[in-house]
Peer 1: 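Input: one structure, supplied below.
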Amino acid sequence: MSSPDFPVEVKSEKKSASNYRIQGGTGEWEVVIGLEVHAQITSESKLFSGASTEFGAEPNTQVSLVDAAMPGMLPTLNGECVRQAVRTGLAINAQINKYSRFDRKNYFYADLPQGYQISQLYHPIVGEGVIQISLDEKDPDAHGKAIGVERIHIEQDAGKLMHDQHPTMSYVDLNRCGVALMEIVSKPDMTSPKEAAAYVRKLRSILRYVGSCDGNMEQGSMRADVNVSVRKPGGELGTRTETKNVNSMRFIQAVIEYEAQRQVDLIEDGGTVVQETRLFDPDRNETRSMRSKEDAHDYRYFPDPDLLPLELEDDFIFDCKASLPELPDEKRARYKNVLGLSAYNAAVLTAEHETALWFEELLDTTDEPEKIASSAANWVTSELFGALNRMGLDIQDSPVSPAQAAELLGLVADGTISGKIAKQVFEIMLETGDGAKKIVEEQGLKQESDTGAIEKVIAEVMAANEDKVAQYRDGKDKLFGFFVGQTMKAMQGKANPQVVNELLKKSLG
């Protein structure tokens, strides 16, 4: 039996994050969604062989004799894959089963040379856990919901059929055959397309923080089987369909929208939803039937005779726990409570591991990170993100390094340059790769704080606008901004705004 030696308290909070309904002829319908996410485990070799898992290799160049199921070949379990699965389970506060077992799932398909898939049905390595989601970017602590995870089990991937290489035949590429996967099975706790996308987004973030999966959906290293059923609100669960291998969050939402509407229309027309496996056609934005849904007995599961049961030691699990980084929710809470960031900035900066690493490297290059954290967060989420989006770059490919960004922000903080000048300097940094200090010195952009020089310009501005000075002194306070603008314009934006404001107030009386 599975040993619950590492039990956890799974929160069962089910606050609704959305009120999504399908409007049918007979009234409202509720959608019930569960996801089975297949995440490729980060490892240089496959689950039971030493063959490479590198993406993009020529077909059938990363296939060992074990992967090809040659007679007499025996699987050897990849310990790193076990470690990563346990670390993932711990990251979602799940039960780690010290005893687990591999089973053979028997079925025939051309890209499965063994005639069976080695998986874990009855005794998975990870039991129940929970993932917290939110649909409110500006306040992630509001409108939250706990999505239950039923289990995580380890299994090997199948190969790939290639139908576009020959007019009358299909080719088989076994490069993916034997690649290690975690199947992360949610409970049917989601009730809208947005909730499902938020769940996958949060799960992907956790996996990338942990380092157990790169989360690259375009390359197939993370994909989802989408289970959808409909019912009258609060009624009995309906018959579900499963749409296989959906590889983007946009497509996951499209599958749910289409499939829910299809099922409602079918039921209201007097038909019956059939439990089946379906495929999504992104070109037509619709699902279509693939095969009737099999049950466990159809696969003739039985324990794999070539693999011993997996028994984990306490020390191994504790080491896995100790190796975990600060996870997204913990980091977001620290950014809010310790660094004083807004809920929105904290959420944006922690959503992707690479973004958080970049931001923290920026802070680490300063002497007093707490003092500049808020201004740095605002700059990253506005100026830097805006520039990267414009250039089509990810943050890890930013032409401006965290150290260079810290130097730029430091010049603003100590009054060397104004915020307006900082924008100009940043654009030059993006183009040239030069540091902020060098650019400011070479182009004479240093902010003017000399009170004598600023007072002289203020006197000239007031002399040229005597009528407005009189209006201001008669109570037209809004003209103050005019004088600030004229002074800054006369000094080519290099005057210290704070000093300008103070001296203008004094001069205008």
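From a predicted model like this one, the values you see are computed outputs, not experimental measurements.
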Peer 1: As an exercise, state the distance from CH2 of Trp379 to OG of Ser374, rounded to the nearest 0.5 Å.
Peer 2: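 The distance works out to 15.0 Å.
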
Peer 1: Might you point out which heavy atoms bring Gly34 and Met190 nearest each other, and give the distance in Å?
Peer 2: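 Shortest heavy-atom separation between Gly34 and Met190 comes out as CA-CE, 4.3 Å.
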
Peer 1: Is there a donor-acceptor contact under 3.5 Å from the side chain of Glu195 to the main chain of Thr191?
Peer 2: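 Yes, the answer is positive, given that a donor and an acceptor are paired below the 3.5 Å cut-off.
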
Peer 1: Any heavy-atom pair between the side chains of Leu47 and Leu77 that's under 4.5 Å?
Peer 2: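 Side-chain contact under 4.5 Å: yes.
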
Peer 1: Could you check whether Ser64 and Asp67, counting side-chain N and O atoms only, form a donor-acceptor pair closer than 3.5 Å?
Peer 2: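 The criterion, which ignores hydrogens and geometry beyond distance, is satisfied for Ser64 and Asp67.
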
Peer 1: Do the side chains of Glu360 and Lys331 get close enough for a salt bridge, i.e. N-O under 4.0 angstrom?
Peer 2: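 Salt bridge between Glu360 and Lys331, a charged N being under 4.0 Å from a carboxylate O: yes.
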
Peer 1: Decide, yes or no, whether a salt bridge links Glu354 with Arg208 under the criterion of side-chain N to carboxylate O below 4.0 Å.
Peer 2: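 Yes, Glu354 and Arg208 are salt-bridged.
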
Peer 1: What's the separation between atom CE in Met462 and atom CZ in Phe483, rounded to the nearest 0.5 Å?
Peer 2: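 Here the rounded value is 6.5 Å.
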
Peer 1: Tell me if a side-chain donor or acceptor on Ser375 pairs with a main-chain N or O of Ile372 at a distance below 3.5 Å.
Peer 2: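 At least one qualifying donor-acceptor pair exists.
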
Peer 1: Is there a donor-acceptor pair under 3.5 Å between the side chain of Asp157 and the backbone N or O of Gly178?
Peer 2: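 No, Asp157 side chain to Gly178 backbone: no donor-acceptor pair under 3.5 Å.
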
Peer 1: So, Gln404 side chain and Gly433 main chain: donor-acceptor pair closer than 3.5 Å or not?
Peer 2: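 Pair found, side chain donor or acceptor close to backbone of Gly433.
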
Peer 1: In terms of side-chain geometry, is the basic nitrogen of Asp314 or Lys98 positioned less than 4.0 Å from the acidic oxygen of its partner?
Peer 2: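 Lys98 and Asp314: salt-bridged.
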
Peer 1: Kindly state whether the ring of Tyr258 and the ring of Phe251 have centres lying under 6.0 angstrom apart.
Peer 2: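 Judged by ring-centre distance (under 6.0 Å), Tyr258 and Phe251 do not meet the cut-off.
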
Peer 1: Is it the case that Arg223 and Asn247 place a side-chain donor and acceptor less than 3.5 Å from each other?
Peer 2: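 There is no such pair (donor and acceptor under 3.5 Å, judged by atom type) between the side chains of Arg223 and Asn247.
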
Peer 1: For the side chain of Ser398 and the backbone of Ile395, is there at least one donor-acceptor N/O pair under 3.5 Å apart?
Peer 2: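 No, because the side chain of Ser398 does not come within donor-acceptor range (under 3.5 Å) of the backbone of Ile395.
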
Peer 1: Let me confirm one number: the NE2-CD distance from His353 to Gln396, rounded to the nearest 0.5 Å.
Peer 2: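 If I round to the nearest 0.5 Å, the distance is 11.5 Å.
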
Peer 1: Counting C-beta onward and ignoring hydrogens, is there a side-chain heavy-atom pair between Glu259 and Phe280 closer than 4.5 Å?
Peer 2: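 A side-chain contact is absent here, since even the closest heavy-atom pair is not under 4.5 Å.
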
Peer 1: Report, as yes or no, whether the 6.0 Å neighbourhood of atom CZ on Arg334 holds more than 12 heavy atoms from other residues, nucleotides or ligands.
Peer 2: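 More than 12 within 6.0 Å, yes.
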
Peer 1: Report the distance from atom CG of Leu393 to atom CZ of Phe385, rounding to the nearest 0.5 Å.
Peer 2: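 Result: 13.0 Å between the selected atoms.
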
Peer 1: Please round to the nearest 0.5 Å and tell me the distance separating atom CZ of Arg204 and atom NZ of Lys202.
Peer 2: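 So the CZ of Arg204 and the NZ of Lys202 are separated by 14.0 Å.
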
Peer 1: Hey, is Lys187 close enough to Glu36 for a salt bridge, meaning N to O under 4.0 Å?
Peer 2: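 Glu36 and Lys187: not salt-bridged.
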
Peer 1: With rounding to the nearest 0.5 Å, note down the distance linking CG in Leu181 to OG in Ser119.
Peer 2: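 Atom-to-atom, Leu181:CG and Ser119:OG are 9.0 Å apart.
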
Peer 1: Which heavy-atom pair separates Glu330 from Pro325 by the least distance, and what is that distance?
Peer 2: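 Scanning both residues, the minimum pair turns out to be OE1-O, 4.3 Å.
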
Peer 1: I need the minimum non-hydrogen distance between Val380 and Leu362, along with the two atoms involved.
Peer 2: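 That would be CG2-CD1, 4.2 Å.
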
Peer 1: Between Glu80 and Gln84, is any side-chain donor less than 3.5 angstrom from a side-chain acceptor?
Peer 2: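 A pair is found: one side chain offers a donor N or O, the other an acceptor, under 3.5 Å apart.
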
Peer 1: Taking Gln120 for the side chain and Phe102 for the main chain, is one N or O donor matched with an acceptor at less than 3.5 Å?
Peer 2: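 The answer is no, because no donor-acceptor pair under 3.5 Å joins these two groups.
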
Peer 1: Quick check: closest heavy atoms across Gly211 and Thr42, and the distance to 0.1 Å?
Peer 2: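 For Gly211 and Thr42, the tightest heavy-atom pair comes out as O-OG1, 3.1 Å.
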
Peer 1: Looking only at the side chains, is there a donor atom on one of Ser221 and Asn216 sitting less than 3.5 Å from an acceptor on the other?
Peer 2: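 Not at all, the side chains of Ser221 and Asn216 share no donor-acceptor pair under 3.5 Å.
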
Peer 1: Return yes if a side-chain donor-acceptor contact under 3.5 Å exists between Gln40 and Arg176, otherwise no.
Peer 2: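 Yes - a donor-acceptor pair under 3.5 Å links their side chains.
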
Peer 1: Ring centres of Tyr335 and Phe359 under 6.0 Å apart?
Peer 2: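 Yes, ring centres under 6.0 Å apart.
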
Peer 1: Give a yes or no on whether the backbone of Pro124 and the side-chain of Ser100 come within a donor-acceptor separation of less than 3.5 Å.
Peer 2: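 Answer holds: no.
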
Peer 1: Output yes when Glu128 and Arg151 qualify as a salt bridge under the 4.0 Å nitrogen-oxygen rule, no when they do not.
Peer 2: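 No, this pair does not count.
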
Peer 1: Are the side chains of Ser342 and Thr381 in touch, meaning some heavy atoms are under 4.5 Å apart?
Peer 2: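 They are not in contact (no side-chain heavy atoms under 4.5 Å apart), so the answer is no.
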
Peer 1: Establish, from distance only, whether the side-chain atoms of Thr243 and Asp225 form a donor-acceptor pair under 3.5 Å.
Peer 2: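 There is no such pair between these side chains.
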
Peer 1: Surrounding CG of Asp367 (heavy atoms of other residues, nucleotides or ligands, distance under 6.0 Å), is the total greater than 12?
Peer 2: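 At most 12 heavy atoms, drawn from other residues, nucleotides or ligands, come within 6.0 Å of this atom.
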
Peer 1: Spell out, as yes or no, whether a donor-acceptor pair under 3.5 Å connects the side chain of Asn78 to the backbone of Phe48.
Peer 2: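 Absent.
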
Peer 1: So does Leu35 get a backbone contact from the side chain of Ser186, meaning a donor-acceptor N/O pair under 3.5 Å?
Peer 2: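 A pair under 3.5 Å: yes.
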
Peer 1: Using side-chain heavy atoms (C-beta onward) and a distance below 4.5 Å, is Asn378 in contact with Asn345?
Peer 2: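 Yes, at least one pair of side-chain atoms sits under 4.5 Å.
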
Peer 1: At their closest point, which heavy atom of Val200 faces which heavy atom of Ile252, and how far apart are they?
Peer 2: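 In this case the closest contact between Val200 and Ile252 is CG2-CD1, 3.8 Å.
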
Peer 1: Could you check if a side-chain atom of Lys194 sits within less than 4.5 angstrom of a side-chain atom of Gln253, using non-hydrogen atoms only?
Peer 2: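 A side-chain contact exists here, since the closest heavy-atom pair is under 4.5 Å.
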
Peer 1: Taking Asn175 for the side chain and Gln62 for the main chain, is one N or O donor matched with an acceptor at less than 3.5 Å?
Peer 2: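 At least one qualifying donor-acceptor pair exists.
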
Peer 1: Any heavy-atom pair between the side chains of Glu383 and Lys423 that's under 4.5 Å?
Peer 2: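 Yes, at least one pair of side-chain atoms sits under 4.5 Å.
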
Peer 1: Tell me whether the count of non-hydrogen atoms from other residues, nucleotides or ligands lying under 6.0 Å of CD in Glu460 goes above 12.
Peer 2: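 More than 12 heavy atoms, drawn from other residues, nucleotides or ligands, come within 6.0 Å of this atom.
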
Peer 1: What are the two closest non-hydrogen atoms of Leu408 and Val425, and how far apart are they?
Peer 2: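 Taking Leu408 first and Val425 second, the nearest heavy atoms are CD1-CG1, 3.8 Å.
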
